[in-house]
Amino acid sequence: MSLWSRVANAFRGEKLNGEIAEEMESHIAEAVEQGRDPVEARRAFGCDYQQRQQRQASHEIRVVGWLEALRADIVFGWRQLKRNKVTSIVAILSLALAMGACIGAFRLMDALLWRPLPVAHAERLYAISRQAITPQGKPIQSDSWAYPSFTLMRDAVKDQAELIAVSPASRKDLTYGSDQDMEKANVQYVSGSMFQAFGLRPAQGRLLAENDDQTPGAHPYVVLSYDYWTQRFGKDPQVVGHTLRLGKDLFEIVGVVDGPFTGTEPGTVTDIFLPAMMHPMVTRSDASWIRTLVLVKPGTALDPLRQKLSAISRAFEQERAKGFTGADLAFFQRIIDATLLMEPAGAGISSLQEEYRKALGILGVLVAMVLLIACANVANLKMAQSAMRSREMALRVAIGAGRGRLVQMLLVENAMLAALAAGLGALFAWRSAPLVLAMIQSTNNPVRLLLSTDWRVLGFGVGLVFCVLLLFGVLPALRASAVKPVSALKGGDDNPHSRRRLMHGMIAAQVAFCFLVIFMSGLFVRTFASLANKPLGFSPEKLLLLDVISQQGQPPVVWDQIADTLRSVPGVEKVAIAGWPLLSGGSWNNFVSVNGAAPGPVMTYLLAISPGWQETMKIPLLDGRDFRSGDTAPGQAIVNQTFVNTFFDGKNPVGKTFQERGNLYQVVGLVADAPYGNLKDPIVPVAYIPFHEVSAQGVAKPETRETFLVRTSGVNPLALASVLRKAVPQARAGFRVSDLRTQSDLVQAQTVRERLLAMLAAFFSFVALLLAAIGLYGVLSYSLQQREREFGIRIAVGARVGDIAWQATSRIFLMVITGAAIGAALGFVSVRSVQTLLYGVKGSDPLMLAGPALVLLAIALLSALPVMVRASRIDPKIMLRAE
Amino acid sequence: MKKPDSLQGTLDLLVLKILSRRPRTHGYGIMAAVKDCSDDLLRVEEGSLYPALYRMEEAGWIQAEWIKKNSGRRARVYELTADGKKQLGMEESRWLSACAAINQVLRTV
């Protein structure tokens, strides 16, 4: 109560003084009424000076002193900001842009990489992975494990840690009713013990428990996430007990998880949790499909635990290796020798993290540099401003203001600037982070990242304000408050050189950062350009891809009939079938042996296709023939040029044979190279085989999923989407389109990260350039103002205009060149750290270094031009008379 | 120059006591009461009374209110709060025990 009244009084200082004076007068009047002499009564309070002191003392008792001073500073600071409107707006906008970018980048990085999962003991959660060395000597890391291996490890370390298996979340077709009502949802297979280990509770029904994870295929129960329950079922409590069908299996919904837990993969929101025991590959030792999370018990030493796990994993793989020989064994030895790594996974673990960790890191560095540039800019603006205010400061010092008080006053002003900028920046970040997220969306890979604004973001924002204040506010405030009244009142700055030196240093730093940002963005733009312009080897335009599923599985002939039906749809030019589209991420590889020799060390990639596939894709047939309707797998194969170069020394392969896992294939055709799974990797050897697979007895195998490739005659292939969606189930009951994409989408999805980096880096280099130009102009025009008298004298005694312009700007140009040199050196050193994100461009390319240097020089000239003109127009008569 | 204050440390006690007997008294009234009740032996200086009043007000022992007097002038009157009553009790007992102690010393030496 009393503190509150003192706080409140701080905001009504004048009124308070009035009240104190009034009470004093009232006292005197009372005394006079009681018969005292008025003069005597007044004198009782002491002389004038004592009275003032008493009032002051009374005042100080009744207010929180520092708060009143702060309030005065804020009012005064606001007035200062308003007085220098242009400077303030430039400062606030440039800081807001930079701070907004920082906050936006933080929100993204936090949501993807750092925010702990909403589970108990996230700080004790680790993930294990294996790191092997490729024959090329490169380390590769995999966090996929076979379930039987997981079981062995789980049981062995039971006392030190709880092991939890989680499959990667995947988008599956499922239905709550008939086949006609198929829909998609993200499902994740998890250990039954996960819910208890994570301290999760049910909102409805029950959660999965260890009992639900005992026998393969025997626990048809699922649990929904709260988010999915809300969105799909509107929180209907009746949903418990309902069934859903996934593939051929029926599952019963037994409960809903309470709280925000939506799986362990940032970037993917899991809708439905299934017991790991229900996964079709749960018993297979040769299929790695789960991630292994380790919830370490308190007080357990990590390294012994890691070694124990490593020993068990190694023993498991050695047991498996017993059946292998030759190249397979050599290959397998690398898996056996792999190092087991245990890394913190409190923030969850996802492939999106792996893909974007580095890119986001680079983005963070770029925005930090933009922030530094903005800070240097504002520091320079403030420094120039404080030169104008040196007389005011001198006056304040002369009438007794302490230095601390002055620094506080200036810092308050700067803090207001920073806070305003942060507010504006937060608005910017609020809009921009979802925008960036939208940019990394692709039809292939729907990303849903939970971007929440909470105390973490708020804390970061507040920290940022302090950092920014420290960077741009403290130095100018210290400098301005160090004014010596005598020299300032005499009319000169006490030491203009030191101030200018500081400002020039800032310019050099600014240019160096600017150079670095432009250099980096140049690299990323070139990377994107060389990927986007890379010759594909096939034509993705007007190509529609229909992923079609048949729950029961149908022999290839039936699929051929559907292709025939689609061919008759108006607007369709060609139709072919493949196991999956190129560049879709689908992959199947193995070692092949040529001419009966042992399998070589190079992997061959396989893809099942129908006749007419290469024609539909527009991949040139170089030799031999296309598949015919009688061709089968095993039986015939078409290979690509790289396959021929790798295994047949480039000689005509038609008629030759190779073996894959005991199956014999005869090469009937040769096609040109096309990228298989990834645009960035070198072309791999590919063997195309007929999708008509037959068993050893010659019986056709049923297929449950194929992709139809439809080349359309119209420019926009999606125009046919709805027609084709309907045409498939009409052609044959039991078939339906699960996914519909265009091949162009898949090609674009290959460069999503590169496009993101290129666009953002280009945007930031534009901002950096703009800020640098403003900074250069500001400092140049300040130093011209400082030296106008000098130039006036020089002109009066006969200096030429060119000399004056040179005098006014040469120092700055020197700083620009110094800064650019430092930036180039920094760029040269740092390029190695971004090399993995680059494609088709080298950081040591002189062109990449020359570009930013030229751009910066041009910007420097541009911002110096108005100053040069002004310098050359100085009229010595006016200038000298003015003083 | 500051006059040595004979009432050092006991000013609060006196003011609180007076306000407990005569609530809603203004500054001059308190000063007059000290003088009257002590038969002119004790005097409170204006210069120390008001800062003390403000201090006690901020400490929450007393509260003040502006009232309009018949003459049209405003006066600020003070009264004890609940906290002030407690404080008065404490100060009083402290004063009494201090007195008793001093008396004892004076008697026994």
Side-chain angles (χ1 to χ4, degrees), chain A residues 1-69 71, chain B residues 1-5 11-12 15 18 22 24-36 40 42-87:
Chain A
M1 168 67 197
S2 67
L3 178 69
W4 171 241
S5 78
R6 287 173 69 200
V7 168
N9 281 342
F11 296 96
R12 45 190 287 269
E14 282 310 307
K15 204 169 165 220
L16 184 64
N17 282 340
E19 281 187 4
I20 291 171
E22 188 182 351
E23 190 171 7
M24 211 179 264
E25 289 304 322
S26 165
H27 179 104
I28 291 164
E30 193 77 27
V32 173
E33 253 172 48
Q34 303 289 325
R36 273 180 84 176
D37 177 48
V39 183
E40 182 69 15
R42 190 168 294 276
R43 204 188 293 152
F45 279 98
C47 64
D48 271 1
Y49 171 71
Q50 279 172 329
Q51 279 186 28
R52 253 202 314 279
Q53 278 211 322
Q54 272 171 33
R55 284 188 208 178
Q56 184 65 34
S58 302
H59 183 103
E60 277 167 16
I61 287 171
R62 294 184 59 178
V63 290
V64 180
W66 59 265
L67 195 66
E68 191 180 38
R71 178 184 157 271
Chain B
M1 273 241 295
K2 221 176 173 182
K3 276 190 220 164
D5 193 345
L11 179 57
D12 288 5
V15 170
I18 288 165
R22 308 179 188 174
R24 299 177 74 75
T25 312
H26 47 61
Y28 184 84
I30 295 169
M31 216 174 80
V34 172
K35 204 170 131 190
D36 292 349
D40 273 2
L42 299 177
R43 248 185 72 87
V44 184
E45 298 281 341
E46 284 89 340
S48 38
L49 173 66
Y50 283 100
L53 280 173
Y54 295 147
R55 189 162 34 71
M56 287 191 274
E57 188 186 346
E58 295 309 338
W61 301 341
I62 57 176
Q63 57 193 28
E65 196 186 341
W66 284 101
I67 56 157
K68 202 114 185 173
K69 298 207 60 166
N70 294 335
S71 56
R73 195 163 38 73
R74 289 209 305 164
R76 206 160 185 254
V77 295
Y78 297 88
E79 62 185 338
L80 281 191
T81 64
D83 276 359
K85 279 183 191 127
K86 255 185 254 162
Q87 184 67 23

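In what follows, chains carry the letters A, B, and so on, assigned in the order in which the sequence lines appear, proteins first and then strands, with residues in each chain numbered from 1.
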- Query: Is the backbone N or O of Gln63(B) less than 3.5 Å from a side-chain atom of Thr81(B), with the two atoms forming a donor-acceptor pair by type?
  - Reply: no

- Item | Those residues that, when tested against Asp40(B), pass side chain to side chain contact (heavy atoms under 4.5 Å, CB included) (two or more places apart) | Lys35(B)

- Message: Applying side chain to side chain contact (heavy atoms under 4.5 Å, CB included), can you list everything that pairs with Glu23(A), at least two apart in sequence or on another chain?
- Response: Tyr50(B), Tyr54(B), Trp66(B), Arg76(B), Tyr78(B)

- Query: Measuring heavy-atom distances to chain B, does Ile28(A) have an atom under 4.5 Å in its side chain, in its backbone, in both, or in neither?
  - Reply: neither

- Message: With a 4.5 angstrom heavy-atom cut-off, is it the side chain or the backbone of Glu33(A) that approaches chain B, or both, or neither?
- Response: side chain

- chain A contact via Arg73(B) - side chain, backbone, both or neither, heavy atoms under 4.5 Å: side chain

- Task: For atom NZ of Lys86(B), decide whether the heavy atoms of other residues, nucleotides or ligands shown that lie under 6.0 angstrom number more than 12.
- Result: no

